[in-house]
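All residue numbers refer to positions in the sequence shown, counting from 1.
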Amino acid sequence: MRISLSLAALVLTAGALAPPQSSGPSADHVVSTPGSFVDLTSSLGVHFQYLASHTSRKYLPETMGAGVALFDYDNDGRLDVFLVNGAPLADPTAKGTVPEKSGPKYWNRLFHQKVDGTFEDVTEKAGLQGAGYGMGVAVGDYDNDGFEDLYVTALGGNKLYHNNGNGTFTDVTDKAGVAGSGWSTSAAWVDLDNDGLLDLVVLRYVQWDFDDVWCGEHKEGFRSYCHPDIFQPITPLVFHNDGNGHFNEVSQKIGLSKPGKGLGIALGDYDHGGKIDLFVANDSMVEFLYRNKGDGTFEEVGLLSQVAVDGDGRTYAGMGVDFADYNNDGWPDLLVTDLANQRYALYKNNGDASFSYSTFNTGLARITMLHSGWGARFFDYDNDGWKDLIVAQGHDLDTVEINYPNLRYKEPMLLLRNTGTGFVDVSAQSGAVFQQRWLGRGLAVGDIDNDGRIDVVVSTNDGPAHILHNETPTQNHWLTLTLVGHKSNRDAIGAEVKLTTTKGSQFATVTTTGSYLSSSDKRVHFGLGLETTAQSLEIRWPSGLQQKLSNLRADQILQIDEPAAGASPK
């Protein structure tokens, strides 16, 4: 059910969100079970095959896979699915070649959700066939017209598609000045300077071309994909929105230009400075945390904040990332996925601008040691009030089992339940889909059928996409929020939300970014456990406005509009 809240029902406050008074809902007083997820992809009418175009030369892009987006492009209240695809590669491919899609089997695909819950392929009608060897997708309403736009990254040129509001999109890349160059990966829509307009941060992976570089043993069957260490890092691209349909590249100007090997990006106000900060997951080098200085510029503080390396001071293959408060203490924490034998990195926010490496004391070290993770998101699959974790898995090297017999090239998905004191692996009890081995890559979450349980869409490398329908039996309640900015950007990206019940508080940041190359539903979802009412809801909008609501009924999708000027900004 979708409900819009009138301004008359709002209570405004001028101060910052109050600090947490509780560690969150008590794990002893909610009903929590393993998940139950069913792969409904075919029955829902989603037929898609990602084509990596493998060659004997083992070009690095063949290992990467692509992203997926969950978003409501036509504002009918139902989430739609966008899937990114590759392009053909010659064997060998000449240096300097720009890969191009040669036909429909390489098209990106947009699937529209119909009233009955099934999907129809509307790619051609929408004009979203795409170009280049596709990588990532970012969703955001950059012109605040109420319709979600798409930015698609690729090896061979990125594309910005403006949503026309009539089911079609227009390629405005050249007009907007956001094509970029090089090998782009994840991108994020975020209002970097709080002017009410979404800006665009685009990661690039490495300085790479189709050189015929042989890696691995020089004998048949042992040639392998090259390690990223042999390629040089490259700066990201940052496009500032000037409000006239055009963007200016400002990475050097604002301090977001440190060369990296970026694969994942996520956002959150980690130090409660009132401005959005950015985290970049780099492959096989130090990770980056960019602190927003509040004057329109950023400084990189990964080492200072203790998130640049793992607990042993080593770098790792950072790929997917999420920036969320997993322990309900009011401070956003960081998760970074990586390759087998490295352990997924979990950094607990200490509340003093530093983090603690918490992979061991939360159980993640033992669970993830032999796994390779890509797309990942915290989400409350059973609505018990604690954010659980789902990860798409699979190694990047098709020869890994030759050299490491204890590791696997293809792997099942990983589902971890948050107990309030750590994580336990419930994958084996959560459905047959968690027994299937895939080359998991992109991952997005959202409530596809609006039943209050969060679903998952996963892309695989050189394989099909999968829609995992959440059918977890639970008596727990939930509340989903659609925030609409007016002085702030319309998507309210960067807004911070605190929800309180009698059992404690939870916190979330409005975002579509995170995971790996993917874009999730922008709506904010809270599990309430057995509580049927949220006592209070506090919102700090990107504009600085503070808003407080009381006594909200559970089990509804609630639209909340940013109020007009009337409260003093922070």
Nearest heavy-atom pair of [X] and [Y]: which atoms, and what distance?
X	Y	value
Ile276	Asp269	CD1-N, 4.0 Å
Val68	Leu83	CG2-CD2, 3.4 Å
Ala52	Tyr133	O-OH, 2.5 Å
Ala188	Ala138	N-CB, 4.4 Å
Leu256	Pro236	O-CG, 3.0 Å
Phe360	Ala365	CD2-CB, 3.5 Å

May I ask you to decide whether [X] forms a salt bridge with [Y], counting only side-chain N to carboxylate O separations under 4.0 Å?
X	Y	value
Asp212	Arg223	yes
Asp211	Lys95	yes
Asp325	Lys387	no
Lys348	Asp329	no

Between [X] (side chain) and [Y] (backbone), is there a donor-acceptor pair under 3.5 Å?
X	Y	result
Glu249	Val238	yes
His395	Glu401	no
Tyr381	Thr472	no
Asn108	Asn85	yes
Thr297	Gly255	no
Ser305	Ala353	yes
Asn328	Gly385	yes
Ser354	Asn350	no
Thr421	Thr419	no
Thr337	Tyr344	no

Got a second to check how far [X]'s [atom1] is from [Y]'s [atom2], nearest 0.5 Å?
X	Y	atom1	atom2	result
Arg204	Ser251	CZ	OG	7.5 Å
Leu415	Asp425	CG	CG	8.0 Å
Phe298	Ser257	CZ	OG	12.0 Å
Leu364	Asn361	CG	CG	9.5 Å
Phe247	Leu237	CZ	CG	13.0 Å
Met413	His466	CE	NE2	9.0 Å

| Is it true that atom NZ of Lys293 has more than 12 heavy atoms of other residues, nucleotides or ligands lying nearer than 6.0 Å? | yes
Review point. Should we say atom OH of Tyr404 is surrounded by more than 12 heavy atoms from elsewhere, each under 6.0 Å from it?
Key: no
Any non-hydrogen side-chain atom of [X] less than 4.5 Å from a side-chain atom of [Y]?
X	Y	answer
Asp455	Ile467	no
Ser519	Phe71	no
Phe526	Asp380	no
Ile254	Asp193	no
Pro92	Phe210	no
Thr153	Ser186	no
Leu334	Phe355	yes
Thr359	Asp310	no

Please verify the inter-ring angle class for [X] with [Y]; under 30° counts as parallel, over 60° as perpendicular, anything in between as tilted.
X	Y	answer
Tyr59	Trp208	perpendicular
Tyr326	Phe423	tilted
Tyr151	Trp189	perpendicular

What's the verdict on side-chain contact (heavy atoms from CB on, under 4.5 Å) for Val137 and Leu517, showing C-alpha distance, side-chain angles and the deciding distance?
CA-CA 6 Å; Val137 55; Leu517 304 178; over 6 Å; no
Asp388 and Val426: side-chain contact (heavy atoms from CB on, under 4.5 Å), yes or no, with the steps?
CA-CA 10 Å; Asp388 311 298; Val426 296; over 6 Å; no
| message | Working note: Ser56 + Asp91, criterion side chain to side chain donor-acceptor pair (under 3.5 Å); need CA distance, chi angles, decisive distance, verdict. | response | CA-CA 7 Å; Ser56 67; Asp91 192 356; 2.9 Å; yes
List the steps and the verdict of side-chain contact (heavy atoms from CB on, under 4.5 Å) for Glu287 and Tyr316. CA-CA 9 Å; Glu287 314 302 308; Tyr316 51 84; 3.4 Å; yes
Of His54, Lys58, Lys410, the one forming a side-chain hydrogen bond (donor to acceptor under 3.5 Å, both in side chains) with Asp398 is Lys58
Stepwise, does the side chain to side chain donor-acceptor pair (under 3.5 Å) test hold for Glu62 with Tyr225?
CA-CA 9 Å; Glu62 300 169 22; Tyr225 293 100; 2.9 Å; yes
Asp209 meets the salt bridge (charged side-chain N to carboxylate O under 4.0 Å, His left out) criterion, sequence neighbours left out, with none
Side chain to side chain contact (heavy atoms under 4.5 Å, CB included) with Ser372: of Asp396, Leu339, Leu439, only one passes, and it is Leu339
Can you list, pair by pair, the side-chain donor-acceptor contacts under 3.5 Å of residues 277-284, counting residues two or more places apart and other chains?
{"unit_1": "Asp277", "atom_1": "OD1", "unit_2": "Asn292", "atom_2": "N", "d": "2.7"}
{"unit_1": "Asp277", "atom_1": "OD2", "unit_2": "Tyr270", "atom_2": "N", "d": "3.1"}
{"unit_1": "Asn282", "atom_1": "OD1", "unit_2": "Lys261", "atom_2": "N", "d": "3.0"}
{"unit_1": "Asn282", "atom_1": "OD1", "unit_2": "Gly262", "atom_2": "N", "d": "3.3"}
{"unit_1": "Asn282", "atom_1": "ND2", "unit_2": "Val286", "atom_2": "O", "d": "3.0"}
{"unit_1": "Asp283", "atom_1": "OD2", "unit_2": "Tyr205", "atom_2": "OH", "d": "2.5"}

Where do Glu496 and Phe507 land on the side-chain contact (heavy atoms from CB on, under 4.5 Å) test, with the steps shown first?
CA-CA 7 Å; Glu496 293 186 304; Phe507 305 81; over 6 Å; no
